[in-house]
Amino acid sequence: MPVAVTAVLVAVASIVAIVVIRDQPHDFATPPAPGGLTTTEPPRELEWKLINGIRLPFSEDGPAQVDGPRAHGYTHTPQGALVAAWQIATRVLTDARYEQLLGTQVRADLGQQQQVRNAVTQARNLTADEFEVAFRQPVAFQFATYTSMFARIYFAVPSVKGGYDFVRRAALWDGTDWVYQVDSGLPELPNSTGLTGFTTFQDRAGR
């Protein structure tokens with residue numbers, strides 16, 4: 001993997017958990033922590049749309065509105081949290097107006113906000129091919145935690161080494177909508193050739 005891509009992935013993984021890389025793949029995926037959802041329905045009428053060079057999820061569970069860089073209006077459900085966690089975190093790193101998101105849709109302390117800014121700078125220096133690798137579309141998900149106020153989620157993305165790498169993300173309900181929380185508190189998962197315990201995404205075209 002090119003040095004530039006590795007640097008960005010390392011930086012981003014420490015901030016928004018874009019990707020987890022391991023040398024030896026396993027043939028299984030770790031189940032959720034006790035109390036987590038073992039299975040859940042994917043978002044309704046899901047469609048992946050190309051935004052800022054990457055594909056983002058849109059569904060009946062949100063976002064209901066897109067105002068500039070802000071995609072908001074998610075259902076107060078696991079599916080709404082799922083879409084919000086991927087939408088907001090990815091937009092923060094790929095939209096030139098990311099500062100608007102840091103102030104409205106991201107929960108992070110000052111140190112984490114600066115780390116996000118550093119990762120944005122690195123992402124902007126990627127080539128087109130490197131950018132595509134760094135921001136791959138997820139193929140499956142697994143909830144580790146879900147309550148009406150907080151969700152922690154693993155996303156499975158195709159690995160450049162084969163199998164799947166896992167992205168850790170979290171969403172917090174702020175009283176009116178889901179927002180992205182930088183620190184998920186989830187442990188890393190190793191690369192895996194299987195997706196046991198995960199739910200695969202399926203868009204409205206059946207893909």
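Just the heavy atoms: all of them, side chains too, but no hydrogens, waters or symmetry mates, feed the values below.
A 6.0 Å sphere centred on CD of E60 holds more than 12 heavy atoms belonging to other residues, nucleotides or ligands.
Residues passing the side-chain contact (heavy atoms from CB on, under 4.5 Å) test with P69 are D95, R97, Q100, L101, sequence neighbours excluded. Not counting sequence neighbours, the partners of A81 by the side-chain contact (heavy atoms from CB on, under 4.5 Å) test are Y146, A151, A171, W178.
The aromatic rings of F166 and Y154 lie perpendicular to each other, with more than 60° between the two planes, well past the 30° mark.
No option in Y164, F141, W86 other than W86 meets the ring-ring contact (aromatic ring centres under 6.0 Å, His included) test with F155.
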key: CA sep, side-chain torsions, deciding dist, call: F201, W48, ring-ring contact (aromatic ring centres under 6.0 Å, His included)   = CA-CA 10 Å; F201 285 109; W48 294 86; 5.4 Å; yes

Report the C-alpha distance between I153 and Q142 in whole Å, list the side-chain angles of each, state the deciding distance to 0.1 Å, and finish with yes or no for side-chain contact (heavy atoms from CB on, under 4.5 Å). CA-CA 6 Å; I153 310 159; Q142 182 189 77; over 6 Å; no

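N118 and Q122 share no side-chain donor-acceptor pair at under 3.5 Å. Judged by distance alone, the side chains of T147 and R152 never bring a donor and an acceptor atom under 3.5 Å apart.
The two residues L186 and A144 come nearest to each other via the heavy atoms CD2-CB, 3.5 Å. The shortest heavy-atom contact between I88 and V179 is CD1-CA, 4.0 Å. Considering all non-hydrogen atoms of both residues, V106 and V182 come closest at CG1-CG2, 3.7 Å. A89 and A85 get closest at one heavy-atom pair: CB-O, 3.2 Å. Taking both residues in full, the closest heavy atoms of Q112 and D183 are given as NE2-CB, 3.8 Å, listed atom of the first, atom of the second, then distance. Between D165 and S159, the shortest heavy-atom contact is OD2-OG, 3.1 Å.
To the nearest 0.5 Å, the span separating CZ on R44 from OG1 on T77 amounts to 7.0 Å.
Note on L126: it clusters hydrophobically with I54, by side-chain heavy-atom contacts below 4.5 Å among ILVMFWY residues. No continuous path of ILVMFWY side-chain contacts below 4.5 Å connects V92 to L172, so the two sit in separate hydrophobic clusters.
Residues Y98 and R91 are not in side-chain contact: their nearest non-hydrogen atoms beyond the backbone lie 4.5 Å or more apart.
The backbone N or O of A71 sits less than 3.5 Å from a side-chain atom of Q105, completing a donor-acceptor pair.
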